Number of protein chains: 2
Amino acid sequence: MAAGGAGDPAPGPLDSVLRPVRAGNGFEEALEQVLQLLRLGLVPPGERLPSERELSQHLRISRVTLREVLKVLQDQNMVESRRGRYGGTFVLPRTAAPDGSGELRRRIAAVDVEDTLRFREVLEAGAAGLCAEGLTADGEDRLRGALDATQGARLEDYRRQDTLLHLTLAELSGSRTLAAQYAAVRATLNELLDGIPLLVRNLEHSQQQHAAVVEAVLDRDPDAAREMMREHCGGTAALLRGFLA
Amino acid sequence: MAAGGAGDPAPGPLDSVLRPVRAGNGFEEALEQVLQLLRLGLVPPGERLPSERELSQHLRISRVTLREVLKVLQDQNMVESRRGRYGGTFVLPRTAAPDGSGELRRRIAAVDVEDTLRFREVLEAGAAGLCAEGLTADGEDRLRGALDATQGARLEDYRRQDTLLHLTLAELSGSRTLAAQYAAVRATLNELLDGIPLLVRNLEHSQQQHAAVVEAVLDRDPDAAREMMREHCGGTAALLRGFLA
DNA sequence: GGCTTAAGGTATGACAGGGAACCATTGCTT
DNA sequence: AAGCAATGGTTCCCTGTCATACCTTAAGCC
């Protein structure tokens, strides 16, 4: 029947469901998630990762396997381990040339950019809308805080604060799944963004849009929030499509 | 530090990323996906699943492990295996009482309904919008076909055709990730919907909304498509919240 | 009837990954 | 100076999973 032979089996309408159960040899998945942690800037340079015991519990992998992951990151000069009490695994500042030869470099070529950009826009707009529909007083505070942090951020820290703001919105959406998916797609996005220059002009424009989105959310105007957010995402998307096309 | 002790480690702001790498012991993940296949109605009752060898390749698990999965489904009277040429694993019609004691029953209690409903709405609205923005001629045909199939469906087959229509929209969005995520969330949704009655009145209303969404998409009107779809999802959500609250 | 073919059913050996215990190092507290 | 506590570093064994090959059943074809 189906013509398939080498490589993957023949495609079909069941592909949305019949995707591989595990993306890689299991340790790769863990690597992926720790990389997310770094790319999202959830643990900024200089700070300490959770201890190996904690991390392995969270990720539900053995400490042995986690250590193999950390070994890779050490070899890439992305983290550094110190022993003893108050030791731990510390994040190093990004080196200009991440690595020519390797492992981590080729991943970027495998990213389906169009998929990433579209999915991102859907999640962001959705999250903004949900936030505008039902936001707690506590949520308002967190959101304002995150926005303020981006306003005051220096250029080198901007990407990180921007990520944090969007992540906050996703978390306040009230859907844990949405937040988790956004984290994943945002990590991919940041990786792509690392390849293109950060212009002050774009940054300023971006900041205006951030303010508009947050305002719409605080005004409890879901339609406006979604619309603003879509526009915001569209800007980034156009930028990336331009640089990568 | 954190007060956690038994069970999961202490929560924190990193939880969006630090989720478990594997949802279960690996065989559970496969079970999950085969269950999706059945719940989505991608393989309707009476039909044959792909052969064990094919399925295991798609899911990237060994045949041994896959057979353990199928064993569970056989024990639940959800599928039936026949040997010999033109044999295979066949889907059985849903039994009224799925199973009192077991394994599969308790999963439903673990579902975060609010999460599911919100995430679903975001994905559906997003997919509808993306479709309306860029739909190929081929896509138009598939969409019309799926809509027609729901119009002609009998009551017992309605849920399945409905699922297929929405799944088609998700696939036509141009984001594979979106389609895969929608498949997952829809499988969960169907499981919830199985617990409540299907009223003809709701069904007719639903059909009007389907037509409206498809029309908006074919008119290339993203805003209308999103709005219609949100309304459509809102209906289901209200129904479920009412029955499960 | 006998062969071929495609499917499920079974058995075996290798290995990755997990759990748990233990060692080594460091800095704080006494 | 001694002890304690929290961390990274290491080892051992065991279970789950995989790959492979082979057996069994049943439908079609010669």
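Excluded from the calculations below are hydrogen atoms, water molecules and symmetry mates; all remaining heavy atoms, backbone and side chain alike, are included. Worth saying up front: this structure is predicted, and the values here are computed from it rather than measured. Each chain gets a letter, A, B and so on, in the order its sequence line appears, and its residues count up from 1.
- A:Lys71 has its NZ atom 16 Å from the P atom of D:dG8, to the nearest Å.
- Straight-line distance from the CG atom of A:Leu66 to the P atom of D:dT10: 14 Å, rounded to whole Å.
- In the set C:dG9, C:dG18, D:dG9, the nucleotide with an atom closest to the side chain of B:Gln74 is C:dG9.
- A salt bridge is absent between B:Asp194 and B:Arg39: the closest approach of a Lys/Arg side-chain nitrogen to an acidic carboxylate oxygen does not fall below 4.0 angstrom.
- Judged as a ring-ring contact (aromatic ring centres under 6.0 Å, His included), the pairs with a partner in residues 142-170 of chain B (not counting sequence neighbours) are, in order, B:His166-B:His210, B:His166-B:His232.
- With distances taken from any side-chain atom of B:Arg53 to the nucleotides D:dG9, C:dA7, C:dT10, the minimum falls on C:dA7.
- Residue-level contact check: B:Gly84 touches the bases, meaning some heavy atom is under 4.0 Å from a base atom.
- With distances taken from any side-chain atom of B:Arg85 to the nucleotides C:dA6, C:dG8, D:dG8, the minimum falls on C:dA6.
- Under 4.0 angstrom from either OP1 or OP2 of D:dT7 there lies no side-chain N or O belonging to A:Ser81.
- A donor-acceptor contact under 3.5 Å links the side chain of B:Arg83 to the base of D:dT24.
- Nucleotide C:dG8 holds its C1' atom 13 Å from the CG atom of B:Leu49, rounded to whole Å.
- As a whole-Å value, the separation of A:Ile61 CD1 from D:dG16 C1' is 17 Å.
- Atom pair B:Glu52:CD and D:dT25:C1' shows a separation of 13 Å (rounding to whole Å applied).
- At a cut-off of 3.5 Å, with distance as the only test, no side-chain donor of B:Glu80 or B:Thr89 sits close to an acceptor on the other residue.
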**Request:** Go through B:Glu124 and B:Leu169 one step at a time and tell me if the side-chain contact (heavy atoms from CB on, under 4.5 Å) criterion holds.
**Result:** CA-CA 8 Å; B:Glu124 297 257 29; B:Leu169 254 148; 5.7 Å; no
Write out a two-atom table: protein N or O, nucleotide N or O from nucleotides 11-16 of chain C, distance below 3.5 Å.
none

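- One can place CD of A:Gln57 at 20 Å from P of C:dG17, the figure rounded to the nearest angstrom.
- At least one side-chain nitrogen or oxygen of A:Arg67 sits closer than 4.0 Å to the OP1 or OP2 atom of D:dT10.
- Applying the 4.0 Å criterion to OP1 and OP2 of C:dA21, one finds that A:Arg63 has every side-chain N and O outside that range.
- Considering A:Leu189, A:Thr236, A:Leu192, A:Val122 in turn, A:Leu189 is the only one that fulfils the side chain to side chain contact (heavy atoms under 4.5 Å, CB included) rule with A:Leu117.
- Within the structure, a side-chain polar atom (N or O) of B:Thr65 is placed less than 4.0 Å from OP1 or OP2 of D:dC18.
- In this structure, A:Thr168 contributes its side chain and A:Leu164 its backbone to a donor-acceptor pair below 3.5 Å.
- Between B:Arg120 and B:Asp115, no side-chain nitrogen of the basic residue sits less than 4.0 Å from a carboxylate oxygen of the acidic one, so the salt-bridge criterion is not met.
- Rounded to whole Å, atom P of D:dG16 lies 9 Å from atom CD of B:Glu68.
- One atom, CZ of B:Arg60, and another, C1' of D:dA19, lie 15 Å apart when rounded to the nearest Å.
- Here A:Arg48 pairs with A:Phe90 under the side-chain contact (heavy atoms from CB on, under 4.5 Å) rule; sequence neighbours left out.
- Among the heavy atoms of the strands lying under 4.0 Å from A:Arg82 are primed sugar atoms or P, OP1, OP2 only; no base atom is included.
- For C:dA6, the OP1/OP2 oxygens have no side-chain nitrogen or oxygen of B:Ser51 closer than 4.0 Å.
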